[in-house]
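It should be emphasised that the depicted structure is a prediction, and the values quoted were computed from it without experimental measurement. Note on naming: letters A, B, ... go to the chains in the order of the sequence lines (proteins, then strands), and numbering restarts at 1 for each one.
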Amino acid sequence: MFPNPFQYYAPQSLDEIFQILDKYGDEAKILAGGQSLLPMMKLRLAAPSVLIDVNGISQWANVNAQDQSLQIGALMRHRDWEHALDSRVPLLHSTAVHIADPLVRNRGTMAGSLAHADPAADWGAALLALKASVAIQSAHRLREVPLREFFVDTFTTVLEPQELLTEIRIPLPQNDAFVGARYFKLERKVGDFAVVGVAVTVVLNPEGVVTDAGIGLAAVGATPLAAVNAESLLRGQRLTLDLVQEAASEAAKESDPITDRRGSEDYKRAMVNVFVKRGLTAVHKDWQLQMDISA
Amino acid sequence: MNLDATETQPLGKAIKRKEDPRFIRGQGRYLDDIVLPKMLYMAMVRSPYAHARIKSIRVEDAYLVEGVKAVLTGEDLASMNLAWMPTLAGDQQMVLATGKVLLQYQEVAAIVAETRESAEDAASKVQVEYEPLTPVMDPFFALSAEAPVLREDREQKNNHIFHWEVGDHEETDAALAASAIVVKEQIRMPRVHPAPLEPCGCVADYQKSTGKLIWYVTSQAPHAHRTVLSMVSGLPEHMIHVISPDIGGGFGNKVPVYPGYVCAVVMSMQLGRPVKWVETRTENVATTNFARDYHMTAEIGATEDGRVTALKVSTIADHGAFDAAADPSKFPAGLFSIVTGSYRFPVAFAEVDGVYTNKAPGGVAYRCSFRVTEASFLIERVMNTLAYRLNLDPVELRRRNFIGVDDFPYQSPLGWTYDSGDYEKTLNTALDMIDYRGLRSEQQKRREQGELVGIGVSTFTEIVGAGPSHTFDILGIKMFDSCEIRIHPTGKAIARLGARHQGQGHETTFAQLIAQELGLSAADVLIEEGDTDTAPYGLGTYASRSTPTAGGAAALAARRVRNKAQQIAAHLLEVSPEDVQWDGSRFSAKGLSSRNVSMADVALAAYTNLPKGMEPGLEATYYYDPPNLTFPNGAYIAVVSIDRETGQVHVERFVAVDDCGTVINPMVVDGQIHGGLTEGFGIAFMQEIAFDADGNNLAPNFMDYLVPTAVETPRWETGRTVTPSPHHPIGAKGVGESPNVGSPAAFVNAVVDALSPYGVTNLEIPLFPWKIWEVLKQHGLTES
Ligand SMILES: Cc1cc2nc3c(=O)[nH]c(=O)nc-3n(C[C@H](O)[C@H](O)[C@H](O)COP(=O)(O)OP(=O)(O)OC[C@H]3O[C@@H](n4cnc5c(N)ncnc54)[C@H](O)[C@@H]3O)c2cc1C
């Protein structure tokens, strides 16, 4: 359980990182929380000869809210959302508590999870539902990529070897909007990766009409997925029982799971259906409660 | 209320565990904590294939890694006649592969280096060329004529290991044929692993100057391991000093001798330096001895009114590539013949056929006294099926067939003499605790509302404490156990036993037992185990045998001490020994209780003021050969509900009432029950070492081999009845394994019960949610 030998750098600035990347090319790997990279190295499934530890980049350890978006630095840890509830994006808290165990949550970063691109990653599903985008930077260019165009395949994203993921941007709803969200995760035991993960986030106006809806799915495809058809069924509608059921079965259709030891393709599809339904139902209840209180 | 160890008359009291402060504070000393001067580290090269011919092994590149001291291959061992080693089951097992590999992750070469890192680096540099062969993963296929012969070392050219049978075949067949009702069920207990949190390992420290080998090893049976090592290596037994340090769980996994142990010893002897080898998690889960993997078919005959008439069982036992079960020599299928359970079967017959496949060797008795879990699971499951067939409440069926309290000692049709029990009373206690009647009517109501709710009962009987020398031995060594007690001048005692605890609490419970016999407190008695140079010979701790065997020895050794103490007391009290009486804490002159002395007074006198002619000192040793095994029993009841949409099972309640005879420490017993129930829960709901068709192990780590945590573990409610063993010196029976033996059937019976209105009688474990969901879907139950 020891990795292959490697060189270790702990740069303090982006310039330094780019210099090292320039020198070593794709022999180098970024080390953030290490919760995916180090296990793979210990199992000798990954053997980078150079590690660039980015934990010293202090400007990445911030969250800002600007221009109707939440900007999350690349070093924000899972834990940061476990203990904080932002009512504009309740899905972050709802998701964080389901990721791994406290040890992993203390170290692992949201950006690292996205860059790693495990189809079962909980952040992948949640941030797709939130229609987040990521800021990507290399020595030569800066770009912003919607997350829905970010994942290419299992463990593969649009990130080039010389690029860094510096920030995650989540669009924020209007101040007075009601936002309800749930993350449902079927796991075999606590700390397990999802058998099926479903992120649901819905913005409702005071009339109960859906002004925005996001549905993200984990572990039911080659990448985390957004159930875009189900989302568009919801927009502009009230959350009736029929609509919820329709959206849930649409999301199940959009999922693309495979049969393995965690369950059959049919089973996983059915679970997407169940959890989308439960998520939307719960959000609707939250909204009703909210209306009762403010009435 | 948990008491401190300073209590006198401590037997039966919930005294806090003496070992806990060091364990809880991280101050235990486990194998991997041991660091010796000039110590080297060993790593293994392992096969990626389950079945392949080794065409060549090239080790040159490994030597290029800095710090590498030696590389050992099977051919090297063959030149020392050590390529194979005997297993405790009388088979042989490869130490390092020669010719063929027979399981994925099998040991192919060993590397020793200055650091663990370089050993692992070098291991990845060894080049092995394999020619893959067809792997045999299915034990039924293994028995077919088309299956390749896995073990070329054997004269017998097939994959059959042994046939074992017990009981009367003809009479059983006749009784079944004559029975009004016969139910038949196929019950599989899948391959699981004991998965102790601490993996196996050793430090071999051979000192060339003295010729002595000090061997630190994660061993549940240090004395037996010394004997085996002496036989394998040719080292004289007194020149091997085995030290089994604190052990982080064993559960049967630390009974066998593993290839890594032998390699570390060989390397230390060659290099004259200490060599440490500690498994990774994958090495532990994927290569060390597994458990279960029993494929059983059972038939029960019964009368219309639910009296059982006969039991017939046939079993295919998948032992993997080597038969490395740690069963007593005469019992290749362990004590599977306890399969008639708690019921009065007039006749029975059981047979087991052992089979080789391309999987890890075994199977060990995972927290059970040799295949007792398999037997108990089978009978408790099939009795459940019989209850449905008869349309009888499973509790009522059990009552009609229980061995009665007056039937003891009870002679079972498969050859055992059950010592004692009061099955009705144990069951009634459980029924009261859970309010069985109320529960059944609540179940009815909830069913009417569309809920899937089930109640499962398991009323098992165990057989533990191997065992009497007339029947039990391992490699010829009789399965007695021992205790030596020394009382020092100030009245403090050190007791050493041949057992070796791994978390069971011996340091507390045996101190209580001895203190009770000697009028001391548990704090006055230090228990030491695991050092072969100091402790008397014994066969170790597994099969719930420590209290039945070593515990018996401890009580009898203490009584020997007390007998001598009585002589000395007579001298101090100036009366004749017959006129001394013992009230449990002091000796006094008969009829004059104000004239009395304590054990501490006597101890001092044993070294300072003895009667004329008496040998000084106050100590005794006892080797206890138990006259019979002990037969603990229990009644477990599980209540579950099933989420129709997801197939997830929620265990709502679980009541466990155990009868282990005299209780030494109720808190320790509860702890054992909690731990074993948690394991049983894991076995029922989430654990299996499965393989794909290519022989790849699909659960070689804790990401895939699931061990329940406190989060998913149900809340346990425990209770007790006390029916002492008539033959054990303090009336105690073993208890450590009961919960693992008895609980899986309770869980499964409960889930089956939830689905029984839809005709379901049998479900195969582990009960993964997706499996339950498939069943729900078949019956159109997934829509609420
Ligand atoms: C026991 C265990 C259980 C787990 N369970 C779960 C679970 O239930 N759900 C779940 O979602 N995850 C789970 N994880 C994974 C965990 O969430 C990881 O933390 C996360 O996937 C990676 O984040 P990290 O910061 O640790 O990244 P690292 O491991 O440091 O890096 C991961 C990859 O991303 C790259 N990378 C990291 N940061 C950047 C960056 N800023 N720019 C470009 N590339 C970058 C690295 O080079 C590497 O390739 C589990 C992990 C463990 C060890």
Side-chain angles (χ1 to χ4, degrees), chain A residues 1-6 35-36 39-45 47 97-98 100-104 118 120 184-198 219 241 245 248-249 252 257-279 281, chain B residues 41 43 65-66 113 115-125 199 278-283 643-648 681-682 685-692 698-713 766-777 782-784:
Chain A
M1 283 302 277
F2 288 93
N4 284 302
F6 56 85
Q35 297 307 300
S36 293
M40 289 187 19
M41 288 172 63
K42 286 180 164 190
L43 292 168
R44 298 191 181 224
L45 297 171
V97 296
H98 289 286
D101 51 48
L103 284 73
V104 173
D118 188 323
F184 281 120
K185 179 172 178 178
L186 183 69
E187 51 188 2
R188 299 170 303 175
K189 61 176 264 194
V190 71
D192 190 19
F193 277 95
V195 175
V196 169
V198 171
L241 192 61
Q245 246 149 17
S249 66
I258 53 163
T259 297
D260 60 16
R261 294 282 301 161
R262 291 159 182 262
S264 64
E265 184 189 327
D266 279 355
Y267 177 66
K268 292 179 188 178
R269 233 184 253 287
M271 293 311 104
V272 170
N273 192 325
V274 168
F275 291 130
V276 171
K277 191 183 71 193
R278 287 185 186 178
T281 309
Chain B
Y41 296 82
V65 175
E66 199 184 310
T115 64
R116 191 163 175 172
E117 292 85 338
S118 14
E120 288 192 19
D121 283 348
S124 67
K125 298 279 189 302
V278 178
E279 291 174 334
T280 63
R281 178 65 54 202
T282 293
E283 290 180 306
D643 182 327
R644 281 169 175 261
E645 289 186 320
T646 64
Q648 287 170 298
F681 171 71
F685 290 107
M686 56 179 80
Q687 294 179 340
E688 176 172 13
I689 307 237
F691 297 83
D692 68 14
L698 299 176
N701 53 52
F702 278 174
M703 294 288 269
D704 295 305
Y705 190 72
L706 304 177
V707 178
T709 71
V711 174
E712 37 292 318
T713 300
L767 300 173
F768 292 127
W770 59 265
K771 271 202 217 165
I772 306 274
W773 182 84
E774 304 283 350
V775 176
L776 293 171
K777 199 171 157 219
T782 49
E783 303 301 318
S784 37

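In this structure, the portions of A:Asp266 lying under 4.5 Å from any heavy atom of chain B include both its backbone and its side chain. Within the 4.5 angstrom heavy-atom criterion, no atom of B:Lys771 approaches chain A. Interface remark: B:Ser124 contributes side-chain atoms only to the contact with chain A (heavy atom separation under 4.5 Å). Only the side chain of A:Val274 comes within contact range of chain B, with at least one heavy atom under 4.5 Å from a heavy atom of that chain. Residue contact with chain B, scored on non-hydrogen atoms closer than 4.5 Å, involves the backbone and the side chain of A:Met1 alike. With a threshold of 4.5 angstrom between heavy atoms, B:Glu283 does not approach chain A through any atom at all. Only the side chain of B:Asp643 comes within less than 4.5 Å of a heavy atom in chain A; its backbone stays farther off. With a 4.5 Å cut-off on non-hydrogen atoms, A:Asn4 touches chain B through its backbone and its side chain both.
In terms of heavy-atom pairs under 4.5 angstrom with chain A, the leader among B:Thr282, B:Leu698, B:Thr709 is B:Thr709.
Rounding to the nearest 0.5 angstrom, the gap separating the CG atom in A:Leu43 from the CG atom in B:Asn701 is 7.5 Å. Here the OH atom belonging to B:Tyr41 is positioned 9.0 Å from the CZ atom belonging to A:Phe2, to the nearest 0.5 angstrom. With rounding to the nearest 0.5 angstrom, the NZ atom of A:Lys189 is 15.5 Å from the CZ atom of B:Phe685.
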- Query: Which is it for B:Asp121 and A:Arg44 under the side chain to side chain contact (heavy atoms under 4.5 Å, CB included) test, yes or no, and what are the steps along the way?
  - Reply: CA-CA 10 Å; B:Asp121 283 348; A:Arg44 298 191 181 224; 2.7 Å; yes

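Considering only heavy atoms from C-beta on, A:Phe193 comes within 4.5 Å of B:Met703 through its side chain. The shortest side-chain heavy-atom distance between B:Thr646 and A:Arg278 falls under the 4.5 Å cut-off. At a threshold of 4.5 Å between non-hydrogen side-chain atoms, the residues A:Val190 and B:Glu712 count as touching. Between A:Leu186 and B:Gln648 there is a side-chain heavy-atom pair separated by less than 4.5 Å.
Counting heavy atoms of neighbouring residues, nucleotides and ligands inside a 6.0 Å radius, atom CD of A:Glu265 exceeds 12 of them.
Remark: side-chain polar atoms of B:Trp770 are paired, donor with acceptor, to backbone N or O of A:Arg261 under 3.5 angstrom.
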